[in-house]
Amino acid sequence: MVRRVSTRPRAPPGTGGATPFPPGRWRRPPMVDLPPKETQFIDWYLAVVEAADLSDKRYPVKGMNVWTRYGMRARRNLDAVLVREIEATGSEAVEFPALIPQTEFAKEKDHIKGFDAQVYWVTRGGLSELDVPLVLRPTSETAMYPIFALWVRSHQDLPLTVYQIVNTFRYETKTTRPFVRIREIHFFEEHTCQLDEAGATERVRSNLAAFAKMATAFALPYVALRRPEWDKFAGAYYSVAFDTPVGASRTLQIGSVHHYRENFSVPYGIRYEAADGSAKFAHQTTFGLSERLLGAIVAVHGDQKGAVFPSSIAPYEVVVVPIPSADAPDVPERAAAEVASRLRAAGRRVFLDEGPDRPGAKYFRWELRGVPLRLDVGRREAEAGTATAVDRYGRKGPVALASLAADVARRLEEFDRTLAERARAAFTASFARASTLDELAGSTKIRVVAWCGQEECGHRIEAALDGALLGTPEEALPIDAGPLDRCVACGRPDGLRWALAAHPL
RNA sequence: GGGACUGUGGGGUAGCUUGGUCCAUCCUUCGGGGUUCGGGACUCCGAGACGCCAGUUCAAAUCUGGCCAGUCCCA
């Protein structure tokens with residue numbers, strides 16, 4: 001594509017006009033209103049992803065979309081948070097190959113059963129049929145564990161704690177949606193080997209704590225739920241998943257942590273010699289995240305004007321918009337370039353929008369794209385040595401050039417605080433208890449129910465809601481649900497625990 | 001796996017029932033010119049599409065069949 005160069009005079013060198021960012025344009029969003037988020041959530045979501053230029057879904061393979069420049073900026077910022085938090089817990093990066101021999105893939109019976117229907121196969125190399133067909137990884141247990149068996153020999157090799165961020169592939173048969181249900185997944189996966197079950201349990205706990213920090217950076221409220229037996233990860237001893245509410249009674253799973261016990265280490269021979277000389281199998285855990293996090297950020301924070309990004313992952317934290325002036329043509333441009341330059345020097349991600357569009361058109365575009373803070377610089381500001389700040393929620397005020405970095409930092413903090421408060425309020429409002437099965441039907445809330453733990457009752461709950469029993473909370477309930485008195489399905493008072501039920505997106 | 005529906009420029013659409021008035025409508029987008037520029041500017045000129053293959057017919061976006069792709073519902 002040919003990049004258009006502005007016909008407008010550029011700021012001369014030495015005034016901060018030189019930009020380290022490509023001056024190229026972003027694709028223009030269509031000038032149409034978004035569908036209402038409240039009543040047409042899916043349509044709204046798809047329109048925002050498209051209009052905010054996060055992903056190009058026109059790639060001719062279902063469920064495989066193109067990451068745009070703007071979307072990549074968000075993804076890199078998001079990944080940086082994941083890397084920062086997981087490495088803070090001692091995990092180290094590795095990278096395994098994408099292809100797995102069928103013979104290795106088939107070793108853990110439940111695992112292969114769980115993924116059977118959704119793996120891509122490579123059966124030919126050039127013109128020859130392969131003797132052993134290769135699986136394109138849907139997840140990497142079966143790629144890593146034969147090698148883990150070589151790495152782990154002694155208790156001194158444990159714990160083994162590694163992660164990788166790679167693409168995985170799943171032949172999804174249902175309707176695909178950008179970031180949320182796709183066939184090529186941008187996947188973060190941590191795999192660990194521990195001395196024993198207690199060690200693995202401790203790693204699960206550590207992962208829950210790490211995820212709490214990540215979610216804070218994204219301002220995503222969530223519940224950590226232990227999935228019911230019938231919905232745990234294929235091959236797991238148990239699974240804890242993170243769900244965040246999006247839309248009426250809908251939830252999006254944004255991550256999961258699994259305790260494998262010895263389920264994989266036995267078939268893959270991940271065995272070590274303990275201090276007392278005995279041979280033992282490692283206990284394993286995994287922790288998985290994906291670009292669903294980005295989808296959740298769009299879904300949770302976005303509004304009728306478009307996306308809203310927390311500053312931690314916003315492609316640009318600040319966009320600077322010069323307001324042209326007929327009687328002083330160069331003045332606003334130079335002042336705006338100066339503002340952008342100073343903010344970059346202070347480490348901010350800044351876009352200087354020198355494009356030929358009118359200011360109003362730029363405002364709409366950057367609101368659609370979810371930039372936290374806009375700085376307008378016109379003749380008035382240029383003469384006063386200020387800029388006019390407007391955050392994504394429309395709060396407006398002057399910032400002085402002399403205290404620019406500090407003022408911008410303060411406004412971004414305030415923006416992030418508001419973003420988090422709004423998300424928290426919406427989160428809390430999305431739960432409600434159901435004391436009878438009748439209350440579940442047609443529910444527009446995520447339902448908190450008392451459950452006896454029996455599978456039959458679980459399925460009755462799912463049938464009544466026409467949704468899924470998400471699981472039992474690992475931590476405190478998000479709302480005060482009242483007394484835990486009797487099972488919502490069978491009415492018995494034994495073995496009770498809280499459970500959440502909703503419609504997974 | 002079973003059923004229903006839908007494929008028209010980059011995005012969204014009108015036209016399809018009753019074949020011809022369609023070298024296909026409108027919005028948006030894209031390229032160029034001019035006037036503009038503090039919340040989606042106006043104007044002039046220009047660009048861009050009937051999913052694929054066959055069939056019926058003087059004539060197919062429109063009817064028929066197959067295929068491909070997608071959406072929804074049910075198992």
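Because the structure is predicted, anything quoted here is derived from the model rather than measured.
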Determine the Euclidean distance between corresponding P atoms of B:rG11 and B:rU29; express it in Å to zero decimal places. 15 Å
Ignoring hydrogens and angles, answer whether the base of B:rG12 and the side-chain atoms of A:Glu50 contain a donor-acceptor pair closer than 3.5 Å. no
Without decimals, in angstroms, what is the distance between A:Asp357 CG and B:rU35 P? 18 Å
B:rG46 - base-pair partner by Watson-Crick or wobble geometry, distances under 3.5 Å: B:rC30
Interatomic distance where CZ belongs to A:Arg181 and C1' belongs to B:rG70 [whole Å]: 15 Å
Expressed in whole Å, how much space separates the C1' atoms belonging to B:rG1 and B:rG40? 49 Å
B:rG1 pairs with, by Watson-Crick or G-U criteria that keep both distances under 3.5 Å: B:rC74
Side chains of A:Glu108 and A:Thr142 only: does a donor on one sit below 3.5 Å from an acceptor on the other? no
Atom CG of A:Leu34 to atom P of B:rG40: distance rounded to whole Å? 17 Å
With the threshold set at 4.0 Å, does a side-chain nitrogen-carboxylate oxygen contact exist between A:Arg342 and A:Glu338? yes
Atom P, compared across B:rG66 and B:rU6: separation rounded to whole Å: 16 Å
Should the side chain of A:Glu367 and the base of B:rG40 be counted as holding a donor-acceptor pair, with the cut-off at 3.5 Å? no
Figure out the CD1/P separation between A:Ile323 and B:rU36, and round it to whole Å. 18 Å
Heavy-atom nearest nucleotide on RNA chain B for A:Tyr363 versus A:Thr176: which residue maps closer to 5'? A:Tyr363
For A:Tyr393 and A:Thr418, test the side chains for any donor-to-acceptor distance below 3.5 angstrom and give the result as yes or no. no
Could you tell me the separation between the CG atom of A:Asp56 and the C1' atom of B:rU29, rounded to a whole number of Å? 14 Å
Of the candidates B:rU71, B:rC37, B:rG38, the side chain of A:Arg379 sits closest to B:rG38
Answer yes if the side chains of A:Ser325 and A:Asp327 hold a donor-acceptor pair under 3.5 Å, and no otherwise. yes
Atom P, compared across B:rG65 and B:rG3: separation rounded to whole Å: 16 Å
Using Watson-Crick or G-U wobble geometry with both distances below 3.5 Å, tell me the partner of B:rU62, or none. none
Measure the distance from CG on A:Asp33 to P on B:rC27 and round it to the nearest whole Å. 17 Å
Which atom pairs, one a donor and one an acceptor, fall under 3.5 Å between side chains of residues 110-128 of chain A and the rest of the protein, sequence neighbours left out?
unit_1	atom_1	unit_2	atom_2	d
A:His111	ND1	A:Ala234	O	3.2

Given that A:Arg380 and A:Asp466 both sit by RNA chain B, which one's nearest nucleotide is further toward the 5' end? A:Arg380
A:Glu421 meets the salt bridge (charged side-chain N to carboxylate O under 4.0 Å, His left out) criterion, sequence neighbours left out, with none
Taking pairing as Watson-Crick or G-U wobble with both contacts under 3.5 Å, can you name the mate of B:rC22, or confirm there isn't one? none
Could you tell me which residues satisfy side-chain contact (heavy atoms from CB on, under 4.5 Å) with A:Glu184, sequence neighbours excluded, listed by chain and number? A:Met64, A:Asn167, A:Phe169
Please tabulate the protein-to-nucleotide N/O contacts below 3.5 Å involving nucleotides 41-43 of chain B, giving atom names and distances.
unit_1	atom_1	unit_2	atom_2	d
B:rA41	OP2	A:Arg358	NE	3.1
B:rA41	O4'	A:Arg358	NE	3.3

Taking atom P in both B:rA47 and B:rU25, compute the distance separating them and give it to the nearest angstrom. 12 Å
Please state the C1' separation for the pair B:rU36 and B:rA60 - nearest whole angstrom. 48 Å
Gap in Å between the two C1' atoms, one belonging to B:rC22 and one to B:rU62, rounded: 11 Å
Distance check: side-chain N/O of A:Lys362 vs OP1/OP2 of B:rG38, anything under 4.0 Å? no
Rounded P spacing from B:rG51 to B:rG15 in Å: 15 Å
Strictly by Watson-Crick or wobble contacts shorter than 3.5 Å, is anything paired with B:rA41, and which nucleotide is it? B:rU35
To the nearest Å, how far apart are A:Phe364 CZ and B:rU29 P? 13 Å
Residues in ring-ring contact (aromatic ring centres under 6.0 Å, His included) contact with A:Trp498, at least two apart in sequence or another chain: none
Using a 4.0 Å heavy-atom cut-off, does A:Arg177 contact any base of the nucleic acid, only the sugar-phosphate backbone, or nothing at all? sugar-phosphate
Taking a pair to mean Watson-Crick or G-U wobble geometry with both distances below 3.5 Å, B:rC68 pairs with B:rG7
Measure CZ/A:Arg183 against C1'/B:rA69 and give the value in whole Å, please. 11 Å
side-chain contact (heavy atoms from CB on, under 4.5 Å) with A:Ala384: which residues, sequence neighbours excluded? A:Thr386
